[in-house]
Amino acid sequence: MSQLAISVSHLTKKYGDRRALSDANFEVPLGTICGFVGPNGSGKTTTIRMLLGLIAPTDGTARVLGENILHPEKYLPRVGAMIEGPAFYPALSGAENLRVLASLGGFPQDRVQPLLERVGLGDRGGSKYKTYSLGMKQRLGIAAALLPNPELLILDEPTNGLDPSGIHEVRELMRDLASQGTTVFVSSHLLGELEMIAEYLVMLREGEVIYTGTTAHLLESAQPILVVKPEYEIDLPRVIAIAQSNGHKSTVIDGCAHIISKEDWAAQLNRLAFEAGITLSSLTAIRPSLEETFFTLTEKTGE
Amino acid sequence: MLRSFFAESRKLRRPTLALSTLLTVAAFSVLFTSIVFLRIKTGEPNTKMGERITATELSQYFGLVYGFKLVAFFLGITALCIFASQTAQEYTFGTLRNLLVRQPARIKILVGKFLAMSLFAAIMVAFTAVMTIVTSFALAGKGGVETAQWLSGDGVKLLGETYGNVLLSTICFGALGMILGLLFRSPITAISIGVLWSLILEAILGAAIRSTLQWLPAQNMGNIAEGGSTTLSYSHSILLSLAYLGVGLAVVGFLFKRRDVAN
């Protein structure tokens with residue numbers, strides 16, 4: 001059996017002349033949490049829809065749980081998904097909405113109530129969907145995705161509309177599922193959340209994959225930054241000049257010099273500043289967060 | 001397909017839809033049948049197209065189903081609205097993507113939906129039959145109509161035939177609604193076009209050019225409920241309706257199977 005939950009090869013989707021996804025290649029190992037990130041319109045939802053058999057690729061192919069996406073009936077019974085937010089029948093209760101999907105998928109009806117309880121809707125399952133708050137709708141969408149006891153869970157922005165405790169619960173739920181062997185493929189704009197839970201990342205920009213691999217590798221490969229604050233702000237241009245004369249890009253942000261450099265150059269910088277008569281009140285080496293790395297990678301050339 | 005049938009049945013039995021539909025057809029059943037029987041003695045027109053039917057005629061075995069047949073076209077329009085709405089709302093609610101993730105065989109979804117809605121139509125037609133018959137018995141005395149022949153062998157046989165014809169007609173109208181729902185992907189548009197065409201445009205077209213009547217879909221589907229007429233044969237109406245619907249369903253079935261679900 002394939003050790004990959006998702007394998008995408010040269011996948012392309014064109015709408016007229018516009019390429020929503022262009023020659024995408026990436027893999028998602030089984031049993032991991034994989035973050036799927038990219039700016040709005042970068043092709044995330046298009047990719048997810050192709051993986052679920054909702055739209056046909058223009059070119060290329062993909063396999064989900066070892067099966068070709070042209071035969072979604074072979075793998076979808078083992079896949080749970082929430083795409084572009086929850087969508088349910090407003091006049092039916094939350095529980096009845098899940099029963100409709102359970103009937104359609106051939107899943108036992110007695111799975112409904114435990115799932116509602118798992119997502120914190122145990123006492124509101126009988127209320128009509130149209131009376132739900134945005135967060136409750138989102139929870140119901142997650143419950144629906146969990147109906148098949150999925151081997152692969154695909155979630156598109158699952159934390160939209162959730163409060164901080166709801167976001168925390170969803171994060172724990174994903175961790176819990178992954179610990180039980182479920183592969184979670186999750187798109188989100190909350191990069192801080194993904195940084196905490198995603199072992200793998202697939203990053204898109206304008207329909208193209210710009211990074212695929214482990215989150216740790218991405219963060220390690222990102223350029224570290226030395227944040228330097230001189231005792232007197234008037235010395236900032238001189239600190240910048242020292243950095244640049246030693247071949248390090250630098251800029252001033254919020255009264256501090258941000259110098260792109262490895263951590264071990266910090267001592268040398270401190271020495272050079274001292275020799276120039278500058279006293280540093282702080283010198284900190286930081287690694288860019290996933291969000292900062294994301295912006296670096298996804299920013300357009302020339303902007 | 002069975003799973004799609006049961007899933008759709010769950011949606012159809014929600015009280016807001018099921019009860020409101022039954023209450024509406026009950027109201028129309030009582031209204032139409034009451035007009036027939038209560039106006040017999042007044043001499044005013046008491047049936048469709050401003051015509052009259054007498055107590056003597058209604059005392060024959062077919063008097064039992066007269067009211068039922070009168071409501072048939074209304075049942076067809078109701079079915080058109082329900083089938084169109086239940087189909088197109090999957091697009092407007094965005095629920096189609098959920099359905100297709102749980103059942104990727106798209107044609108099975110359509111067939112299951114159609115069968116479930118047809119069962120709903122069968123219940124609606126049966127309920128209408130009961131309401132019109134009860135009202136007919138209740139008001140027969142007021143119109144001076146004898147009911148002795150109504151439950152004769154011929155009367156009961158005709159009731160069975162009429163139920164079958166009205167049901168077939170209703171399901172044909174429903175299929176038309178489903179076609180429009182899949183084509184326009186909006187309940188309001190599908191229902192507006194379906195009702196406007198069936199109730200108004202066909203009437204205008206038929207009145208302006210009488211030779212078109214035998215080719216108009218709603219006229220023919222309505223004629224099935226009547227069991228045929230002197231101007232339009234039963235078999236012609238069935239064959240023509242099935243041909244129209246067959247082509248329509250084949251086209252929308254193809255589109256439904258091939259179209260990207262991007263909403």
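Just so we're on the same page: letters track the sequence lines, and every chain starts at 1.
With chain B as partner, the option from A:E96, A:H71, A:M50 having the largest number of non-hydrogen pairs under 4.5 angstrom is A:E96. Contacts with chain B were tallied for A:P90, A:P77, A:G53; A:P90 has the most, counting heavy-atom pairs under 4.5 Å. When A:I55, A:L104, A:L76 are compared by the number of non-hydrogen pairs under 4.5 Å with chain B, A:L104 comes out ahead. Between chain B and the options A:R99, A:M82, A:E73, the largest number of non-hydrogen pairs under 4.5 Å is found for A:R99. For the set A:G105, A:A102, A:A56, A:A91, the entry with the most heavy-atom pairs within less than 4.5 Å of chain B is A:G105.
With A:Y129 as the aromatic partner, A:K137 meets the cation-pi criteria of under 6.0 angstrom to the ring centre and within 45 degrees of the ring axis.
Taking 4.0 Å as the cut-off between side-chain N and carboxylate O, A:K14 and A:D59 do not count as a salt-bridged pair.
Using cut-offs of 30° and 60° on the angle between ring planes, the pair B:F256 and B:Y91 is perpendicular.
For chain A, the nearby part of B:R106 is the side chain; its heavy atoms alone come within less than 4.5 Å. Only the side chain of B:Q89 has a heavy atom closer than 4.5 Å to any heavy atom of chain A. Heavy atoms closer than 4.5 Å to chain B are found in both the backbone and the side chain of A:P72. For B:T16, the part lying near chain A is the side chain, with the backbone staying farther off; criterion is any non-hydrogen pair under 4.5 Å. Neither the backbone nor the side chain of A:K74 comes within contact range of chain B, judged by heavy atoms closer than 4.5 Å. Contacts between B:L99 and chain A at a heavy-atom distance below 4.5 Å involve backbone atoms as well as side-chain atoms. A:Y15 touches chain B through its side chain: at least one heavy atom from C-beta onward sits under 4.5 Å away, while N, CA, C and O do not.
Annotation: B:F73 is in aromatic contact with B:F173 [ring centroid separation under 6.0 Å].
In this structure a side-chain-to-backbone donor-acceptor pair under 3.5 Å is present from B:E202 to B:Q219.
Closest approach of A:T183 to A:G31, counting heavy atoms only: OG1-N, 2.7 Å.
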